[in-house]
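To start, the structure itself, in structure tokens.
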Amino acid sequence: MAAPLSTVVDVYFTDTKRTRLSGSNPCRQKGIRKCFIHCTTSNSTPEAPPTPTSDNNKKNTSLSDQLAPLANKTLSTVTPDQSYAFSNSKSTWVNPTKAKRTVLSSERQKRATYSHSPQLRDLKRFAHKLNECGSSEDEFLSCLEDITRPLTREHVLLILNTLKQWQKSRLFLNWIQTQNLLPMETIFYNVTMKSLRFGKQFALIEELAHQMIDTGVPLDNITYSTIISCAKKCSLFDKAVHWFERMYKTGLMPDEVTYSAILDVYARLGKVEEVISLYERGRATGWKPDPITFSVLGKMFGEAGDYDGIRYVFQEMESVRVQPNLVVYNTLLEALGKAGKPGFARGLFEEMIESGIVPNEKTLTAVIKIYGKARWSRDALELWQRMKENDWPMDFILYNTLLNMCADVGLVEEAEILFRDMKQSAHCQPDSWSYTAMLNIYGSQGDVDKAMKLFEEMCKSGVELNVMGFTCLIQCLGRAMEFDGLVRVFDSSVERGIKPDDRLCGCLLSVVSLSHGSKDEEKVLACLQQANPKLVAFIQLIEDEKTSFETVKEEFKGIMNSAVVEVRRPFCNCLIDICRNKDLLERAHELLYLGTLYGLYPSLHHKTSEQWCLDVRSLSVGAALTALEEWMWTLTKIVKREETLPELFLAQTGTGAHKFAQGLNISFASHLRKLAVPFTQSEEKIGCFTATREDLVSWVQSNSTAAATAT
DNA sequence: TTAGGGTTAG
């Protein structure tokens with residue numbers, strides 16, 4: 001098993017001074033400065049606040065938070081040139097007079113130049129023949145009998161480079177070895193390993209590496225980077241770390257290629273601290289990272305949703321004067337999207353175009369996706385227009401992303417045009433993703449006819465419907481209250497061997513909440529029973545008024561823990577709706593409390609000294625009304641205790657642009673009237689309800705007076 | 001794939 005990372009860090013790197021974020025230079029380069037200004041001044045999208053669950057906490061921890069313990073330990077007066085420092089609790093003191101320890105070679109490993117001479121035409125033909133012959137050992141070895149002799153190093157390399165199947169590369173390497181015609185060289189292994197990597201044969205690569213060690217053939221940077229990248233390709237990250245450690249132990253210094261490969265390994269493991277540490281150690285000893293490194297860092301911070309980290313990448317690129325290339329732009333755009341910064345992503349995209357870089361399919365996919373998720377239909381449509389005008393490249397993923405964007409922002413006609421375009425195209429025929437996107441659109445609209453027609457079309461055209469397609473179809477039928485059709489579709493999914501996932505269960509659960517305790521509810525519950533019996537048992541448990549809060553809490557935890565993160569809030573929303581439909585108000589409040597307790601509603605309340613806001617945009621109608629009642633009780637208590645209150649109170653329901661939030665503002669407004677609370681619809685902003693402190697205080701006081709009079 | 005590292009879909 002691989003040693004824990006701290007061992008690597010402590011054994012091989014003793015100079016651990018960290019200067020990141022403390023010494024960022026003012027922006028100098030034009031392009032980066034521009035983006036950086038965007039990033040610091042025009043942010044209209046608030047960062048997603050960290051949620052209290054341990055998983056999310058880890059995921060969303062910002063860079064400055066991660067570095068806080070370190071920053072506390074680092075003396076602020078120490079300049080970067082002083083070489084005493086420590087990184088964490090396992091710090092190692094270094095002699096201040098000793099030079100910084102190098103962690104990577106300043107030069108990339110040189111490749112021996114070799115070229116195949118024109119006289120080798122016959123050998124080339126022979127190599128192609130080897131490529132064509134059967135790949136069984138017997139067939140291949142019998143073909144090899146016709147090989148030119150004497151065999152030279154050049155011949156071996158030409159053949160190895162020509163062989164396309166990894167099985168043959170391996171057989172050929174073995175053959176050279178057993179023939180004992182010429183000394184085995186590192187390059188023979190490297191070329192073979194590359195072929196094996198293409199076939200994702202990590203075990204065989206490792207076998208070759210051990211053979212090299214046993215027979216004394218030196219492993220070089222190319223060998224190690226190939227081993228590491230193959231391990232990565234096979235998701236064997238511990239193996240990648242193991243070989244990286246071994247490299248240092250044997251005294252070989254990685255060059256920048258191996259170094260960035262291992263940075264990517266740690267990044268994919270989510271070991272952000274280690275990546276930063278390795279990166280900074282490299283930087284401290286004079287390494288100038290290249291665009292590939294910044295792409296690795298950008299992707300890592302994007303995955304972590306860490307906007308501070310993304311800014312750090314911009315600052316570092318500026319500081320080492322590296323201009324982003326197309327891949328770096330693509331990675332950073334994607335990262336900004338994941339960090340919930342559509343405005344910055346738009347700024348960066350425009351900056352990229354201005355700098356003269358032509359976007360590719362990946363760029364456009366990233367940006368369209370961001371606009372869709374942000375529900376920026378105008379920007380998305382404008383971009384689509386520009387794509388057509390500029391003849392920017394399209395592929396089927398981009399087509400499907402455009403369709404998903406249409407689903408996100410509710411552009412039905414535009415989606416239908418795109419879908420027709422795809423059917424007429426030569427290379428972008430609709431696949432299961434495209435059909436699912438269309439089903440999603442019709443599902444959100446509740447257009448049963450079109451959805452079912454599409455379903456039939458799919459069956460005829462042989463496009464496989466997956467669990468998500470069935471989920472959309474079930475959602476569509478549920479919204480249209482066509483419960484018998486829903487049961488038929490569910491049964492058909494079971495017959496086809498579709499395994500229901502948490503999203504499908506969430507969809508069935510939402511249909512249960514829509515069926516309002518009618519006879520049809522039983523039909524839907526029977527489907528849910530097959531898909532997730534525990535969830536049905538939980539519904540029965542919460543519907544029983546005798547069930548204690550402690551029991552509900554325990555079972556709630558179990559249900560949520562076994563569900564994927566994305567469905568936890570929808571689950572909770574639906575469960576609250578189900579309780580409210582059955583007048584189980586107290587239970588609805590308990591569930592909202594538990595949802596808040598376990599971090600499912602992280603952005604429900606925002607407080608500043610000027611205003612307090614209740615943001616119910618990610619809540620179902622039932623959950624939103626429950627949250628409103630809860631808020632009013634709390635505010636009443638605060639008023640009665642005469643505690644400090646802000647000037648303004650705000651309740652946000654959104655405008656219903658989100659397909660799941662339609663009608664929320666109407667139901668919310670009606671509930672405000674029912675409770676007779678002093679909130680009024682804001683004139684400037686639809687979906688915003690406001691009340692002043694005076695309104696609220698006098699409402700509480702008049703309620704108290706009324707209550708006192710009644711008693 | 002022509003000896004090694006980075007970017008696209010619910």
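Labels below follow one simple rule: chain letters A, B, ... track the order of the sequence lines, proteins then strands, and each chain is numbered from 1.
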Original post:
More than 12 foreign heavy atoms under 6.0 Å from NZ of A/Lys499: is that the case here?
Top reply: no
**OP:** Indicate whether OP1 or OP2 belonging to B/dA3 is found under 4.0 Å from a side-chain N or O atom of A/Arg108.
**Re:** no
**OP:** Answer yes or no: side-chain N or O of A/Thr365 and base N or O of B/dT8 forming a donor-acceptor pair under 3.5 Å.
**Re:** yes
Original post:
Are A/Trp433 and the base of B/dG10 stacked, counting only ring centres nearer than 5.5 Å and planes tilted under 30°?
Top reply: yes
Original post:
Any idea which of B/dG5, B/dA9, B/dG10 is nearest the A/Asn466 side chain?
Top reply: B/dG10
Original post:
Parallel, tilted or perpendicular for A/Phe172 and A/Trp175, by the 30°/60° rule?
Top reply: parallel
Original post:
For the residue pair A/Trp243 and A/Tyr224, does the interplanar ring angle fall in the parallel (under 30°), tilted (30 to 60°) or perpendicular (over 60°) class?
Top reply: tilted
**OP:** Kindly determine whether A/Phe301 and A/Lys338 satisfy side chain to side chain contact (heavy atoms under 4.5 Å, CB included), including the steps that lead there.
**Re:** CA-CA 9 Å; A/Phe301 288 125; A/Lys338 287 187 173 150; over 6 Å; no
Subject >> Euclidean distance for C1', B/dT1 against B/dG5 (whole angstrom) >> reply: 15 Å
Original post:
Checking only heavy atoms, does the side chain of A/Ser225 share a donor-acceptor pair with the base of B/dG5 at less than 3.5 Å?
Top reply: no
Original post:
Base, sugar-phosphate alone, or nothing: which one does A/Lys299 contact when heavy atoms must sit under 4.0 Å apart?
Top reply: sugar-phosphate
Original post:
Counting any heavy atom closer than 4.0 Å, what does A/Phe294 reach on the DNA or RNA strands: base, sugar-phosphate only, or nothing?
Top reply: nothing
Subject >> Check: A/Asp290 side chain, B/dG6 base, donor-acceptor under 3.5 Å >> reply: no
**OP:** Look at the side chain of A/Ser260 and decide which nucleotide, out of B/dG10, B/dG5, B/dA3, has an atom nearest to it.
**Re:** B/dG5
Original post:
Do A/Asn161 and B/dT1 have a side chain to base donor-acceptor pair shorter than 3.5 Å?
Top reply: no
**OP:** For B/dT2 versus B/dG6, give the span between their P atoms, rounded off to a whole number of Å.
**Re:** 14 Å
Subject >> Donor-acceptor pair under 3.5 Å, A/Asn325 side chain vs B/dG6 base >> reply: yes
